[in-house]
Protein chains: 2
Amino acid sequence: MNDYTTILREHNLKATPQRLEMTNALFMNGHVTIERLYELMLKKFSSISLATIYKNINLMLEASFIEEVKLPNAKSVYELTKETHSHLLCSKCDKVQDIVLNLTDVTRRASNAANFNISKTDLVLSGLCENCS
Amino acid sequence: MNDYTTILREHNLKATPQRLEMTNALFMNGHVTIERLYELMLKKFSSISLATIYKNINLMLEASFIEEVKLPNAKSVYELTKETHSHLLCSKCDKVQDIVLNLTDVTRRASNAANFNISKTDLVLSGLCENCS
DNA sequence: AACTTAAAGGATAATTATTATCTTTTAATA
DNA sequence: TATTAAAAGATAATAATTATCCTTTAAGTT
Ligand SMILES: [Mn+2]
Ligand SMILES: [Mn+2]
Ligand SMILES: [Zn+2]
Ligand SMILES: [Zn+2]
């Protein structure tokens, strides 16, 4: 019984082999699209249904066990929930990278300027990665 | 001949009544989803095809005449291109607001930390707007 | 270890979102 | 006014996502 068995059960999700492999695929591959995840899953479960992927993605999203990252000009990617972070997207090689940034100053300024109570920030910085520039 | 006639032509797009009304709808309504834009257009062009909306949205995106804003847990909205800005999204009433924020400090920090050449930032701050909090 | 059962998986139909195709209409230019 | 490439509208095709239904199974219970 690995880590994710417990976490899945804590969210009232049965720890099925398919789900454990999904979490493993996400852990190993980082940010993945639905179709990439389906490909990865097919390697281990040759007859898994795409519907199973979608159903589990949605259940795991509801449980905040995973998160969706919406990217400009690209399909959404999914990842295991971790520390709050921002994303770097390379517009040449499409690589997505995590970056932990302190955004308190920005959110404070926004909050003050617009009388807004900010609870979440989604930031994607696009450009060229180390390799591509 | 209003402003947008010229701008459309500068992008090699014919200034059709449908396109002028699309730009007008975007100008008047700010951030709109595809389906909302379709509803708005139907008021003026009762037999406009949804395909026309999609085709024009895509052409206008290519021409950078409009921009898509991807929002967490919501459908994308579209708006006329204006000064670079960030967005505030109210998680209660779903209102989307523009906010001009200086992000040079954040992008500089990210750029240095990850050796990344940043050319664009997409920031959505979610929370409660003035009315809802 | 076998029994029970709600939950989950797989197959596939249905729905929704978006794009492609084709014919008719029209904006722009001469 | 005539010409023509582009755009509109109708609708078919495709892609993405969800729903349904039947079978299998994880996780408790005896
Ligand atoms: Mn991430
Ligand atoms: Mn905006
Ligand atoms: Zn790159
Ligand atoms: Zn609000």
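To find a chain, count down the sequence lines: A is the first, B the second, and so on, and within it residues start at 1. Hydrogens, waters and symmetry mates play no part in the numbers below; they use all other heavy atoms, side chains included.
His11(A) and Phe65(A) have tilted rings, their planes meeting at an angle from 30° to 60° on a 0 to 90° scale.
In this structure, His11(B) atom NE2 and dA6(D) atom P are separated by 17 Å, rounded to whole Å. Atom CE of Met60(B) and atom P of dA7(D) are 10 Å apart (whole Å). Rounded to a whole Å, the CG atom of Leu50(A) is 13 Å from the P atom of dA15(D). A straight line from OH of Tyr54(B) to P of dA15(D) spans 16 Å, rounded to a whole angstrom. Distance NZ (Lys55(B)) to P (dT11(D)): 14 Å, rounded to an integer number of Å. Summarising the geometry, the separation between CE on Met22(B) and C1' on dA8(D) is reported as 13 Å, rounded to the nearest angstrom. When the C1' atom of dA8(D) is taken as reference, atom CG of Leu13(B) falls 14 Å away, rounded to whole Å. Distance CG (Asn12(A)) to P (dA26(D)): 17 Å, rounded to an integer number of Å.
An OP1 or OP2 oxygen of dG9(D) is reached within less than 4.0 angstrom by a side-chain nitrogen or oxygen of Gln18(B). Between dA8(D) and Ser49(B), no contact under 4.0 Å exists linking OP1 or OP2 to a side-chain N or O.
Counting heavy atoms from C-beta outward, Ile48(A) and Leu42(A) have side chains that approach closer than 4.5 Å. Side chains of Leu37(B) and Tyr78(B) form no contact here, defined as non-hydrogen atoms less than 4.5 Å apart. Residues Val100(A) and Glu83(A) are in side-chain contact: their nearest non-hydrogen atoms beyond the backbone lie under 4.5 Å apart.
When the side chains of ILVMFWY residues are joined at heavy-atom separations under 4.5 Å, either directly or via intervening members, Leu88(B) and Leu128(B) end up in two distinct hydrophobic clusters.
Salt bridge annotation for Lys82(B)-Asp98(B): present, with a cationic side-chain nitrogen under 4.0 angstrom from a carboxylate oxygen.
Boundaries of the chain B contact region on DNA chain C are dA17(C) to dA28(C), first to last in 5' to 3' order (nucleotide atom under 4.0 Å from a heavy atom).
DNA chain C lies under 4.0 Å from no heavy atom of any residue of residues 35-46 of chain A.
The nucleotide whose nearest atom lies closest to any side-chain atom of Ser47(B) is, among dA27(D), dT18(D), dA10(D), dA10(D).
In this structure, Asn73(B) places its CG atom where only 12 or fewer heavy-atom neighbours from other residues, nucleotides or ligands lie under 6.0 Å away. Few gaps surround NZ on Lys120(B); more than 12 heavy atoms of other groups in view lie less than 6.0 Å from it.
A donor-acceptor pair shorter than 3.5 Å can be found between the side chains of Glu79(B) and His85(B).
Checking Lys75(A) against Ala51(A), the closest nucleotide of DNA chain D that is more toward the 5' end is the one next to Lys75(A). Nearest-nucleotide positions on DNA chain C for Thr16(B) and Ile48(A) put Ile48(A) closer to the 5' end.
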